[in-house]
Amino acid sequence: MKGCEKMSSLDNLTSKILSDAKEKAEEIIKNAKIKEEEKYKAEIKKYNSKKMTLEESALKERELAVERIKSSAKLKARNEKLEARQKIIDNVIEKLKEKLVNMSEVEYISYIEKNVDRSTLGNKKLIVKQEYLNKVKEVFSGANISENEFVNSGFLVEENGIQDNYTFEIKLDFMRDELEVEISKLLFS
């Protein structure tokens, strides 16, 4: 019986070792699953944190893009408005030039009278519009009036090769900044 007892005790020992090993393996597997679950949750948490950061960043970028688009649209609209105003002002100045260039004979003679000292005209040459030459000669009979040089508008007074320019193109160009301000006040205020 001793042989059977030895065998039974060996079986018990083997069974105990297998049982302990199985428990140990189950514990290792259980711990591995817990660590796996913890690691999974940590990775999900990191992912969600990155996701939120990316979403916040995307929102901020979207807001900045919207602001840039709005700002750009406002600037473009402002520039178009200024451009339209400038075209209107240019058009008004062109019409003014046209009106001055095509002024009547009476207005033309009056313009010369207001801007020239008759007493000094004897020593100076007066250059006028060709179409009003005869009337100017009549009104300013003692003046030296050019019969071969003419202007498109206004007149020139020349003395010793130096000209005083009273043409409307030059006057309007000289006064352009002031005219633009005044026209702008009249039209856009």
Side-chain angles (χ1 to χ4, degrees), residues 50-189:
K50 273 186 182 179
K51 179 181 166 189
M52 284 183 68
T53 302
L54 288 173
E55 285 173 350
E56 287 171 7
S57 178
L59 262 172
K60 286 178 185 173
E61 281 185 40
R62 188 177 115 222
E63 287 171 7
L64 286 173
V66 166
E67 283 305 310
R68 279 193 299 268
I69 290 168
K70 283 180 183 177
S71 181
S72 176
K74 284 179 184 176
L75 184 62
K76 187 176 180 182
R78 188 187 124 256
N79 287 344
E80 287 174 359
K81 188 177 176 181
L82 288 173
E83 193 176 304
R85 281 183 174 188
Q86 190 60 49
K87 282 181 183 177
I88 292 168
I89 290 170
D90 290 344
N91 193 15
V92 169
I93 290 174
E94 270 312 303
K95 286 188 190 278
L96 179 59
K97 270 185 191 178
E98 235 176 82
K99 186 172 170 87
L100 290 171
V101 167
N102 297 315
M103 70 172 35
S104 72
E105 188 176 82
V106 172
E107 292 170 316
Y108 185 74
I109 297 299
S110 175
Y111 176 67
I112 295 174
E113 286 176 328
K114 287 179 187 172
N115 289 286
V116 170
D117 180 4
R118 283 178 183 260
S119 65
T120 63
L121 274 181
N123 304 330
K124 300 175 183 177
K125 179 168 61 169
L126 187 60
I127 303 168
V128 297
K129 285 181 77 167
Q130 186 174 13
E131 64 190 274
Y132 299 139
L133 177 63
N134 292 331
K135 186 65 174 179
V136 173
K137 280 176 152 185
E138 182 186 314
V139 174
F140 298 92
S141 56
N144 176 14
I145 300 167
S146 175
E147 294 190 24
N148 57 2
E149 290 180 83
F150 302 101
V151 291
N152 290 329
S153 70
F155 63 93
L156 297 172
V157 177
E158 188 176 294
E159 183 178 27
N160 300 324
I162 299 171
Q163 292 182 339
D164 287 332
N165 194 327
Y166 293 88
T167 61
F168 299 129
E169 292 85 1
I170 295 297
K171 289 282 186 194
L172 287 176
D173 287 344
F174 181 73
M175 297 172 58
R176 185 169 185 98
D177 290 342
E178 292 172 45
L179 284 171
E180 284 184 2
V181 169
E182 289 304 313
I183 293 168
S184 185
K185 282 180 187 175
L186 287 171
L187 296 178
F188 306 117
S189 294

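Summarising the geometry, atom CD belonging to E80 is positioned 10.0 Å from atom CG belonging to L75; distances are rounded to the nearest 0.5 Å.
Within the structure, the salt bridge (charged side-chain N to carboxylate O under 4.0 Å, His left out) test picks out the following pairs touching residues 179-189 (sequence neighbours left out): R176-E180, E182-K185. Evaluation of the ring-ring contact (aromatic ring centres under 6.0 Å, His included) test over residues 62-84, restricted to residues two or more places apart or in two chains, returns none.
Formation of a donor-acceptor pair under 3.5 Å by the N160 side chain with backbone atoms of I162 is not found in this model. Within the 3.5 Å criterion, the main-chain N or O of S104 finds a donor-acceptor partner in the side chain of E107.
Of all heavy-atom pairs spanning S153 and E169, the tightest one is OG-OE1, 2.7 Å.
The aromatic rings of F155 and Y111 sit perpendicular to each other, their planes meeting at more than 60°, with 30° as the lower class boundary.
I89 places a side-chain heavy atom less than 4.5 Å from the side chain of F188. Between V92 and L187, some side-chain heavy-atom pair lies under the 4.5 Å cut-off. Counting heavy atoms from C-beta outward, L82 and Q86 have side chains that stay 4.5 Å or more apart.
Ion pairing between a basic and an acidic side chain is recognised when a charged N comes within 4.0 Å of a carboxylate O; K97 and D173 show such pairing. Here K135 pairs with E138 in a salt bridge; the nearest charged N to carboxylate O distance falls below 4.0 Å.
Counted within 6.0 Å of CG on N152, heavy atoms from surrounding residues, nucleotides or ligands total 12 or fewer; the atom is thus considered open. For Q130, the CD atom is loosely surrounded, since the number of other residues' heavy atoms within 6.0 Å does not exceed 12.
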